[in-house]
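Worksheet: one structure, shown below.
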Amino acid sequence: MELATKLTLKSGLTLLTIAFLFLLPLVAMSPYILRIFIYIFMWAIMGISWNMLGGWLGQISLGHSSFLGLGAMVSTLLLVLFDVSPWIGMWIGALASISGSFVLGYITLRLRGLYFTLATVAYSLILYPVFLSYLNSLKYWGGEVPIPYRGDSFLYFQWSSKVPYYYFIFTFLLIVLYIGRRIERSSLGLYFAAIRDNEDAAESLGVNVLKFKIIAVVLSAFIAGMVGTFYAQLLYTVTPQAVFSVDISIMTLVVAVVGGATSIFGPIIGAAILVPIKEVTTAYFGAAYPGVHLVIYGVLLMLIITVMPEGIAIRLLRLLQGREDHAGSS
Amino acid sequence: MVEPLSIVQYIVSGILVGGVYGLMTVGLSIICGVSGLVNFAQGSFLMVAMYLSYFFWLLLGFNPYFNIIIVFGLFFLFGLVIYRSLYHPIIRKPRASQVIYTIGLSIIIQNLALLFWRADYRGISGYASDAFEISGIFINKAQLVAFAISIVATIILSVFLKKTDIGKAIRATADDRENAMLVGINVKRVTLIAFAIGTALEGIAGALTAIFYSIYPAVAMDFIFLMFVAMVLGGLGSLKGSMIGGLVVGLVQSLSVLVLPMDIRNIGVFILFLFVLLFKPFGLYGKQLEALVGEK
């Protein structure tokens, strides 16, 4: 096929998919299906955020809940204590998440491999009790902060319908994808790849490794922090147990790895596979058997790592495109 | 104001529990030292050992101290089987893959435990509260015995590693895998045995912990992080270092109770961990952890 035809075909398909997903809520859709799509988009964003560390730099984070949690806690506290609109709160929450990532980054980014992974977990495990005791001191016993319901309100980021949440998170996903794609194709992306492939070599060539790592971690934290505000508004309640949980960190990692850690599109595939698995097993087995979906996630994780470590997305891409233009995608 | 006597009390119980953490860490560390494998699922192994001992006690009426021997044996076999079936395929894979793979395994084991055994807190009753007093300090009998067994097990292991042929082969392999291969050591077999030993030690530690600690699926998570912290503190592959790391973790955890509520006492351990990483990125005790730090 001609390169030009191929490109137009590709962008045509992309546009078609975007248009389809934009029109989807207009076609009568149950809130249940809508909710699944919302979670797919949300976890895809989290996975992309994870990839900025895991895929771009090869640093495995098992503490992404700390970024999401900081965003969720800060924006919600601003809302309930000072009546700050979540539209503003989400930026401040993301800033809090960034400052959190600076602390984490300063400690951990000189570390590699396992140390980084452990430090990220330790970080989220520290944040949880800190927020819990702070909330208890505010008389939010057990750390549960309900978001007061004010009816449909754009200002307070609250709707009885799920459709506005859908459009928000879908748009957010598109923006994140666009930014991620731009970075991957810029010189920044090349530096990241150089650091991932051989950090020492990059350093000896004069690349300021720490600087690029900080850029990646800040971007990653910013995105996950924004998701945090959205998550809190979607659930109408926040507890430190939930938002700083290892479960969130695990879900983020699984979405990214199963989908494909080196591709910016990987997490979308990952989320599109994993979120329905979770919803279906939860509906099928109910609350009586918690954790069925996590068993399946675990099996998928082990299988993917042994059978196709590049993740499902890249494998699919290769199958669809043949071999010729795969070189550019990894 | 905290009374000096109660500080001593916390130090004593911290050291006692820390000894068991030390044994857990020795198990993790010997596997990591020989194969370079970072086994995130080790905490789940420990959790399963705790349940095994609990069920032997509950269903068969076995003495929980006797269970230590059974669980040790069973876990040695379990180690051989699980290494052959699940760990062998990833032993030469990049470290990042190993970490994710073993995280996957630990998710599976923990959630199967949650499915079959539920999230209820269980415990072996009748042993945990036995204590005696020495000049105002209460010493928990179960913890004292657990401490003693942990220390003895670690000493036996280090003698085993120094005196026996297979022990020497394990040390040689941990030291330099390629050279060990060159001098004719069957590195694959040695790795298998070291893995089984590490798992069996986790069995002992689990059976010991089950006597004085609550048993629930998420206990795996609680302990795996403490173990990793202890291993990083102590330095990879050093038995003495792992034991000291475990003692430090136990001590810090116990003393944290003086300033923090009981259920969040681990925060002290994690803060210590981050500080150690900040100032001594290669652990308190010694050599650069190339194997752990490198991307391989």
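Here B:Ile103 contributes atom CD1 and A:Leu62 contributes atom CG; the two are 4.5 Å apart, rounded to the nearest 0.5 Å. The CD atom of B:Gln98 sits 10.0 Å away from atom CD1 of A:Ile60, with the distance rounded to the nearest 0.5 Å. To the nearest 0.5 angstrom, B:Phe270 atom CZ is 4.5 Å from A:Leu125 atom CG. Atom CG of A:Leu303 sits about 8.5 Å away from atom OH of B:Tyr101, to the nearest 0.5 Å.
For A:Ile296, no part lies near chain B; criterion is any non-hydrogen pair under 4.5 Å. In this structure, chain A has no heavy atom under 4.5 Å from any part of B:Ile109. For B:Phe225, the part lying under 4.5 angstrom from a heavy atom of chain A is the side chain only. Contact annotation for A:Val295: both backbone and side-chain heavy atoms come within less than 4.5 Å of a heavy atom of chain B. Interface residue A:Val121: only side-chain heavy atoms are found under 4.5 Å from chain B. With a 4.5 Å cut-off on non-hydrogen atoms, A:Ile250 touches chain B through its side chain but not through its backbone.
For the pair B:Phe40/A:Thr117, a side-chain contact is recorded, criterion being any heavy-atom separation below 4.5 Å from C-beta on. In this structure the side chain of A:Val299 reaches within 4.5 angstrom of the side chain of B:Ile108, judged on heavy atoms. Residues B:Leu114 and A:Leu294 form no side-chain contact, since every pair of their non-hydrogen atoms from C-beta on lies 4.5 Å or further apart. Residues B:Ile267 and A:Val130 meet the side-chain proximity criterion, which asks for heavy atoms closer than 4.5 Å. Residues B:Lys93 and A:Thr306 form a side-chain contact, since some pair of their non-hydrogen atoms from C-beta on lies under 4.5 Å apart.
Here the shortest heavy-atom pairing between B:Phe273 and A:Ala122 reads CD2-CB, 3.9 Å.
For B:Phe55, the CZ atom counts as densely surrounded, since its 6.0 Å shell holds more than 12 non-hydrogen atoms of other residues, nucleotides or ligands. Counting non-hydrogen atoms of neighbouring residues, nucleotides and ligands closer than 6.0 angstrom, the OH atom of A:Tyr191 reaches no more than 12 such neighbours.
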Q) Where do B:Ile100 and A:Leu301 land on the side chain to side chain contact (heavy atoms under 4.5 Å, CB included) test, with the steps shown first? A) CA-CA 7 Å; B:Ile100 292 169; A:Leu301 211 49; 3.7 Å; yes
